[in-house]
Structure formats: structure tokens, C-alpha cells
Amino acid sequence: MASIPGNRYAQDEKRRSADHVSFLKHKRFRYLWVALILSLLSIVGYAFIDQEPRPNGGSWYGYTLGTIGLLLIVWLSLLGVRKRKITEGQWSLKAWTSAHVYLGLALIVIGTLHTGFQIGWNVHTLAYVLMLIVIISGIYGVYTYATLPSSLSSNRKEMTRAQMLEALTALDRQLEAAAQPLDREQSDLVIDALGQDVFYGGALARLTGAYPGCKTKRALKRIDPNGSEAEARVHTLLSKRSDQLAQIRRHLRIRALLEVWLFIHIPATIALLAALLAHVVSVFYYW
Amino acid sequence: MDLYKVAIIGSGPAGLSAAGRAAALGMSHVLLEKTDHLSDTIFKYQKGKHVMATPSNLVLRSDLDFDAGKRETILGIWDEQSAGQTLNVKLNAEVTKVEGTKGDFTIHLKGGETVRAEAIVLSIGTQGNPNMLRCPGSEHPMIQYQLDDPGEYFDEHITVVGSGDAGIENALGLAADDAQRNIVTILNRRDSFARAKAANVALLEEAERDGRISVRRETSPAEVKDGELVLETRDGQETIPCNRIIARTGSQPPRGFVEAMGIEFTSEDRGAFPKLTPAFETTQPGIHVIGALAGYPLIKHCMNQGYDVIEFLNGNTDLKPADQPILEEKFAGLPGNHSVEHWLDVFNSNVQVFQGLSPLQLRELMLDSTVHAYEPGEVIFRRNEPGSSLFTIAQGSVAVEINPNDPSITVPIGEGSIFGEVGLISGRRRGSTIRAAEQVVAIELARNAALKLIATSPEASDAVNRIAIERQLLQMFGSGLTPKDIAPLVEAAEVIELRAGQVLIDEGAEDKEVYIIRRGSMIVEKALGDKPVFLSYLPAGSYVGEMAAIDGSKRTATVKAAIKSEAIRLPGEEFVALLDRNPALREKALKEMEGRRKTTAFIESRKDEFGGAVDLYSETAQFLVDEGLGEATDVLLIDEKLCIGCDNCERACADAHEGLSRLDREAGRTYAHLHVPTSCRHCEHPHCMADCPPNAIKRGPDGEVVIDDTCIGCGNCQRNCPYGVIRMDPKPPKKPSLLSWLFFGNGPGPGEASYKWRKQHGDPEQPKQAIKCDMCSGIDGGPACVRACPTGAAIRVSPDKFLTFTKLTEDVE
């Protein structure tokens, strides 16, 4: 009992009263400032240091920029490991993300200056282009992270993914019972709607949210809401089903938009690392 | 008819062990069991359940064996040993009445048979008997009180009576498979299913819409006949076909049955136990109570008591309880090398709050307590340490540092008194540092033990209350005051309890009382325009209402309980008189008052200019209080303006803790994009702690509420948690490393492995235990969920720091 309170209490109190701000605003834009200063220094150096015979990746200044760039790229790509390796210690993934975004943007300046604006059809330019692809896809990623989460939240209406699917299953059960009195043709419409895979349509449907040929929609159109009692009930249930499907599909769409850029960002990063290796090896080989 | 030396009623672990000892001693005995098998409580455990054997430091003293293992194994061993050891067991023997006195009791059994015995050992547990239907025909054989396997009935008209979870779950089970072609009806006396879980009610209503279950509200059974059931409905009587009735209308606690024998309980409290002597004898001579009914829910305790009680009856009065070695070990560190009995005597005579206890109760209390010996000057606890245990001083005295800035100013607390009661009552951190003033022997009662003591001993309850009020006043008003100064206030003080939402102070009222919140928390609201606006949050330890007392004005705001709370009410005049006598105190109170006025004025001014922001603040604060923030100490919130739904928080949680996540990000409520996920709030008074048989739930050194490895997997905490944050799962197997997943695709990857993977790779013998957030206790860097959030959406906050205008209206993006 008579233990001396460690620094955990102070640390906890600090955490509990910490500001809650996004990764972009982290520590009052600390990494934005670091990136700006780094970029500015690179530009000033480029402008004022006399590089002979001309600005080039092979001058001492070019090597300096190249080394900084290489180290940055390797470090930035380690975010993927940091995210998955939950070790002890005072790190915060938010700080890492913040640094990743701003220092990644600074690479546009550092990398471009490193090229000395010498672009050609070679492995060196390949690395440069890949880097730009990674950065551009990343910019899109930051844009989605900043704009989409609140619509994801509003669409969810406090439901979990599992609950959304459960709600759909419950509606399906009710539809099956309610459709019993319908005639053959109309029952077939309902059977088709229930039989259709909720996730049909593939990647394109998922990203656009457009599901042409949705059989629930079709059944909804063809069953008369003012018809018999059974028809009216089925119609109501079908429109609930349609709403439920729409919610699930919006959820999938937003999630897909939040993730789709990673399908470029990550492979491009791996290609970039390979290209960089080739770039560095060839530079030293032909030195 | 034979006169047995002892009749043992109930064949659970306690009764069985008693019978085993009687058989071993050759004492004439009979073991009466109401069902057709031994040990019904354990028999009713779910198939294959792993039964734990805690506390592990307690030796088993019984003629029957018991060790942790599967339900089937344990029951098998007991069946075999009770047959082998010639126990005289009488099954299907339900006791209806006990007559007679010590030396010659007559026990009436259902069916008219009687048994005579010189002494009785009651070991009937706390399960009680199911409530019977209260209508003609309630003895009909088609009525049953339990449903083991809903899959075994076909083509039947089945009526379930009862509107609780048990009834609903049975009805759903019976109607689950259409192929059984059962026609299921459920009866509810009332018009809503208010007692059941919302999820069960939703499923029932869905089944009703689908026509799978006929739900009859405001209907009760009127008469049971062969093949039919007469119903009493709102519109008169109606008869339905019926082949089977499942009655799930709760059960009768055994207390009535026990009291009918003339046995007294310690109090009217529902949790009270029978009054017992050290030999387990009740106030009715010749009748002994052991096991769960005596307040010992763990199997090992029960079996030891079964052994002990028979030894006592056999005249072995020197028998030391089985806990003797544990107490010897506990007391070994105390000065002077005295015996256990010496110390128990010292504690009993010196410590005020122990004086109403029997030796048996004191021994039991010691098992859940720690004894300490402190050297002069040694720190016992420090200010701001978490701690909810209660200390009693058996020898010596301590010094309380009342001014955090000047440790030399102290107030003494003398021998026999208590300290630490503020932490116990408020559930908050220690208010001051306490040192030993001389050689001190102190007993530290764990929170549960202290609460049990207060609940069972009126003397202890009074003493704690009186001391707590005085100390709270002293602590509140800071340095310079002596107990003499505040004596008139203490005299006039009164503790009032408030339920969540109950109003303490009404805006505009003219009363002048001052209140100290000693438990729970309050919110302050003011009507601005036409609706109440949240002004501030008051944690336990705050005082409120002083403005009206000082300047005689009307109440300027409404104060109401955020959660179940307790406040000390002080008369306004006495409070003002105290201020008049102490100018320094007056200064302090005025300053605090000024601060509060400023907050109000600030929010009022904002209301005019930025009405929207104030409404958002007020409504968000109210939402968070409704979600349990009022009793939280550290809670995970997710700002859904930032959350990308990557679930890295859940994965980090699982990877920081043996592979199971203790939080469900998506589940839970959301208001204005602020989401309260299903995750532990580390309550000031944790509901989960209320009923933990092995006392496995504790508050850790950093304020976290943790469940340790002694958990027996009973699931009580899971049921008691109002926020649904506790899960029951076996420890999963170790996963292959991150790198071998990354490069070779080995294992399930980061985060919680799927149920299937855990099942395939796990040890099937691994018992289910309760799992919940431990705030990453012992992990450098703190909570992994927060550290692993890539966007800053996940934050952990405490209510006093977060329920402020600035925090709630912060622009996060």
C-alpha cells in the first residue's frame, strides 16, 4: 500500500486532460513546421550553393538531399510496422501519422531538388515518379481522412456492421412469411430479392454505391403498395429492406473510399523501395 | 423411528462434506437432498464447465476430494466417494418444516414422511426454490420449473409463464426450430417486459411479429387442467390447449424458510446472513448453518465448514479453523511474536468498528484484510494515490498531513480509530498523506470486506459514518480548523441518499442548506431561455449551496445527482456561523463562489452570442452523463469526426493483452459524433465488484479496475456491469510473431484472432474467465487504444476534466 506513486499518475492526468485534436493539428502543427523548415532550408541551399558543373544528384549537395530523402522514405514506410507492432513505450501513432503526412509532403521539395530537374527514361526517374505517385495517393488519403469520418458516423446511426446485417436478416425472415399469400409471379419477385447477394456488383459498385439490377428495387416497383393487404405489407417490408441495404452499401462505400487509395499507396511504396535500391546501387556502381 | 445424531439438509459441497465427516467418525447421520441427485447447484452448471478451486492458499479439509476441474469429473468423484464411504443419503427428500428443540428435532418431508435428529446442519445454499404458480392445479405434473434442452420437445402446446429473461429465453429456444412444430405461448402478467434485457425483448417481439410465439400480455394462469390451461385475461377467462407449462416466475430466497425455524439474521438487509457462533450454531440451539447460506460462496470454504461443523458436534472444541495457517502467515510480520488468538483479541478489544463482531466474523474479516506494522514516520498512503480500502488502528497512532504544501501541519488519529474512509465512501483518490506517528499496527480492510462489515454490523456502520462526516468537513475546509470548531456542524449534519437524476437543489428555491457531495457526482444546470443548460460537473468531495447561505439569495441553479449519490446536508446558519468565526475560511469560500459565478456568467454570455455552441455543449454533456461518465474515472471516447473505422484500437488492445480485445469500438451510443464505445469506465464504485466470490476484482495502483487470475469464471461481474464491458473467454493460444505473419502469412495476424482460430489452436481445457479493460496496467506508455489511434479519434478522459465548455466545444479538425 505504502508505495510511492510513480510518474504514471502524472502521466495519466496529463493524458486525461490532453487536448483532443486530429493528427493534422497534432501539437500545434509541430511536424508541419518541421517539414516547412526542412523544405525551406533545402530550397535556400539549392539556390545559394554553387553546384558544379550544374545542380545534379551527383554533387555533394545532391548526395546530401538524396540521403535525407532516402532516410525519410525508409522511415515513412515504417509507419506500417509501427501501426501493427504494439510495443510498450511513449509513442503515439497519431504523432507518427502527423509526421508521416507533413514530412511525406516535404519529400516533394527534397526529391525534386535532388533530381536537379534532370528527368529522363531511366531507373532514377522511375524512383522519382513512383515517389510522386505515393505522395499523390497519400494526399488523397489525407483528404478522405479529413472529410469522410463524420459521414461514416452519421450513416451508422449507432449500429454496428453486425447489427446492420442482423436487421437485414430479420427483415428477410419477415418478408418470407409475409410473402406466402402472394401469387406466383409476385412471390418470385420477393424470392429473387431475397436470393440476391447483398454484396454483388464488385469493387465498382462498392466504390460508387450504384447497384444497377438491384432486385429489391425491382420487386418494390412491381408490387402494388395499394393492392391487397398482403401486397401492402410486403411492399412496406421491401422498402424497409431497401433502406437497410442502402445503409449497408453507404457504409461499405465510405469504408472503401477510406481504404482504396492504400491499394495504390502501399504497392507503390514497395515498388519505390525497390526502385530506390536499384537507383542507389546503380549510382554507386557507375561512380 | 431412528433418532439420528445429526440431519444434514442440502447435499452441496458443504452438506456432502459434513456427511462425509459424520460417516468417517461413525456418527449416525442422514443427508437430505431435495432433488434426485447430489449437489444440485453444481449439477445445474452448464455441461463441461470448468470449476475453479479458489482460494488456492486455503487447504482443503474434507473426507471428499475436490480440485479444479470439469463439472462432470467433480460430480463423478463425489458420487463415487459418497457411495464408497457409506454416507446415509436420502434423495428426493424436500424439507417442508422443522419442529422441536435441540436433542430432538422432527423434520417433515414433502410427502408426509418425517425424520428425527438431535442436531441439524443447514447447508441449503442460496438458490432457493422456484416460485410455484399461484392458481388451482399448481401441482399438476405438466408444470416444470426448468428447461434443460429446448430441442427435446415436439408437436406440443407449450406455455411459458414469466416475463423475465429466463422465461423469454426459454420461449425463444422452444420456438427456434420450426421443425419441432411446437406452439409456444408466453404469458406476462403486465403489459410490458420491463424486467428483461432489451435484446431479449427485441427478439421476442420479432418472433411475435413472425407469428412464431404467441405473446399474451396482462394475462395470468387461472387454472391448470389436463391438457389445457385456463387464462385470466383483461377481457375475461379463456382456455387454451396446453401440454406443458414452463414456470419461470423467479425463486424464493431461502430466508423465509430459515427464519421460520426461529433463526435470526444479522439485519433486515437482503444480503444479511444468519447470526452464528464460532461453531456455526444459529440463534436456534441445535441448528447450524454452513456454506453459501452462512456467507461463504466458495466450494472450498463450504467443504471445510462441513468438516468443522461435524467435528464441533462431535465435541472437538479445540479444532482450529482451516484458515489458521493463513492467519498465522498474515500475522507473522507483526511485532512481538504473538499467537493468532492474541492478535484477534487485541483487534477485537482495541478497534472500535470490530466490537460488534463475533470471533467467527472477525476471523473471516481478517482473511480479506492485510495487517501492517509501521515504523514511526513511515508513510501509510499518499495523497492522490488510488485506494478504497479502510484502515483501522489496532495499536499506536497516525498523523494526517492536512496541507499538501506543508507536511509539518498534521492532525493525529488515535488507537482504535479508522482512516481511509473517504476513499472507501467516495471511491476517489486519497485526500491526504498519512504517516505512522509512532509504532503502528494497522489492519487494512479491502473495499469489499469493509463494505460487508458496514452492512452487517450496525456498530461499525455508525462509527464509520460519524467519523467520515467529521473528517470530510475538516478536509473540505482545509487547514486551521479543529474538530472542536466544527462540532456543532457535525452534530447537525445528516447524510442523504439520492438516486440518479434526483434534484438536490432547485433553482429559485429559498432554502439555505449547504451540501457536501460525499459519494457519486452531481451536475449543475440553469434554465436559460426555455431549457436547462448544463453548467458544470461536481465530483465527490465538492461542496455546493454555499452561495445562498452566504448572501441569502435564492438558489441560482439546479443541482441534481448524475448517478446514485450521497450528500451531507449542513444547516445554512451553522455554516455561516462557522465562516464568521473563521475569516480565512470565509475568504476561501468567497473566492470559490466568485469562480462559480464567473463560469455561469461566461456560459450565459455565450448563450446570447453563440446559442448553438452552448446547446451542443449542454446536450453533449448530458449525453455523456447518461452514458455513465458521472461515475467514471477514466473512459474511452471516440470522436467520430476523426475515426476512420480502422479498428486499430481494438487490435492494439488485443495485442497488448494476450490476444483478446477488451473494447468494442462500433458498439455503444453516439451523440454529435462523440461515441462512447463498449469499454470499461473504471467506475468510482465498480458494479462488477459487488458480487465477486473470490474477490478477484480490485482497483490497481493507477486507479484501474482489474480482474486478476483468481477469477473463477462465474460471470457475476458480467451480469452486474450496466455497460456490458466484461466478456467471458478462455485465454487464447499465443500467436506467431508479427514478422512471420508479414512475410510468411503465419497465424491470424495483428489483433484478436477469429473465434475459429482460437478454438482450433487453443487448449480445450483452458477455463473461461472474465476479461475487461485494465487501462493497460503495468504497460509503459499507457493505454494502447489511445496510442494506436492513427488520427487522434480515440481519447481517454476523466469526467471532471472533460465535462467543461472548452473541452466539449473544441474544434478538433
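Model, not experiment: these values are computed from the prediction.
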Looking at [options], which makes the most heavy-atom pairs under 4.5 Å with chain A?
| options | value |
| --- | --- |
| Ala784(B), Ala794(B), Ala788(B) | Ala788(B) |
| His675(B), Arg669(B), Lys641(B) | Arg669(B) |
| Met775(B), Arg429(B), Arg665(B) | Arg429(B) |
| Asp800(B), Asp655(B), Leu742(B), Asn648(B) | Asn648(B) |
| Ala667(B), Pro750(B), Ala652(B) | Ala652(B) |
| Gly751(B), Gly211(B), Gly782(B), Gly645(B) | Gly645(B) |

request  = Can you spot which of Leu642(B), Ile644(B), Asp639(B), Ile638(B) makes a side chain to side chain contact (heavy atoms under 4.5 Å, CB included) with Pro149(A)?
outcome  =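 Among the candidates, only Ile644(B) passes.
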
Arg15(A) and Asp634(B): CA distance, side-chain angles, deciding distance, salt bridge (Lys or Arg N to Asp or Glu O under 4.0 Å) verdict = CA-CA 10 Å; Arg15(A) 162 174 63 71; Asp634(B) 197 304; 2.9 Å; yes

Measure distances from [X] to the heavy atoms of chain B and classify the residue's part below 4.5 Å as side chain, backbone, both or neither.
| X | value |
| --- | --- |
| Leu148(A) | neither |
| Glu13(A) | both |
| Arg161(A) | both |
| Leu152(A) | side chain |
| Lys25(A) | side chain |
| Trp91(A) | both |

Might you confirm whether atom [atom1] of [X] has over 12 heavy atoms from other residues, nucleotides or ligands at distances under 6.0 Å?
| X | atom1 | value |
| --- | --- | --- |
| Lys807(B) | NZ | yes |
| Trp33(A) | CH2 | no |
| Gln90(A) | CD | yes |
| Tyr755(B) | OH | no |

Validation row: Phe802(B), Arg16(A) side chains within 4.5 angstrom (heavy atoms) =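 No, side chains not in contact.
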
message = Just so I know, are the side chains of Arg651(B) and Arg84(A) near enough to count as touching, which here means a heavy-atom distance under 4.5 Å?
response =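 Sidechains of Arg84(A) and Arg651(B): no contact.
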
ask   = Is a donor on one side and an acceptor on the other found under 3.5 Å between the side chain of Glu158(A) and the backbone of Thr670(B)?
value =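 A pair under 3.5 Å: yes.
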
ask   = Under 3.5 Å, is there a donor-acceptor pair between the side chain of Arg787(B) and the main chain of Thr87(A)?
value =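 Indeed, once roles are kept as given, a pair shorter than 3.5 Å links the two residues.
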
inquiry  = What's the separation between atom CD1 in Ile86(A) and atom SG in Cys776(B), rounded to the nearest 0.5 Å?
reply    =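 Between atom CD1 of Ile86(A) and atom SG of Cys776(B) there are 9.5 Å.
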
task = Please round to the nearest 0.5 Å and tell me the distance separating atom SG of Cys646(B) and atom NZ of Lys83(A).
result =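 Answer for the SG-NZ pair, Cys646(B) versus Lys83(A), is 5.0 Å.
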
ask   = Can a donor-acceptor pair be found between the side chains of His673(B) and Ser150(A) at a distance below 3.5 Å?
value =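 No donor-acceptor contact under 3.5 Å links the two side chains.
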
task = State whether a side-chain donor-acceptor pair under 3.5 Å links Thr160(A) with Glu666(B).
result =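 Their side chains do not contain a donor-acceptor pair, so the 3.5 Å distance test is not met.
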
message = Minimum heavy-atom separation for Arg173(A) and Asp210(B), please, with both atom names.
response =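 Looking at all heavy atoms of both residues, the shortest contact is NE-OD2, 3.9 Å.
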
inquiry  = Ignoring hydrogens, what is the shortest heavy-atom contact between Glu640(B) and Ser153(A)? Give both atom names and the distance.
reply    =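 Here Glu640(B) and Ser153(A) meet closest at OE1-OG, 2.6 Å.
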
task = Considering only heavy atoms and a distance below 4.5 Å, find which of Arg255(A), Glu259(A), Glu176(A), His26(A) pairs most often with chain B.
result =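 So the answer, after comparing Arg255(A), Glu259(A), Glu176(A), His26(A), is Arg255(A).
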
Options Ser98(A), Ala170(A), Ala95(A), Ser151(A), ranked by heavy-atom pairs under 4.5 Å with chain B, top entry =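 Heavy-atom pairs under 4.5 Å are most numerous for Ala170(A).
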
Interface moiety of [X] toward chain A, non-hydrogen atoms closer than 4.5 Å:
| X | result |
| --- | --- |
| Thr433(B) | neither |
| Thr633(B) | backbone |
| Ile795(B) | side chain |
| Arg212(B) | side chain |

Side chain to side chain contact (heavy atoms under 4.5 Å, CB included) evaluation trace for Thr791(B) with Lys94(A) = CA-CA 5 Å; Thr791(B) 61; Lys94(A) 173 165 96 166; over 6 Å; no

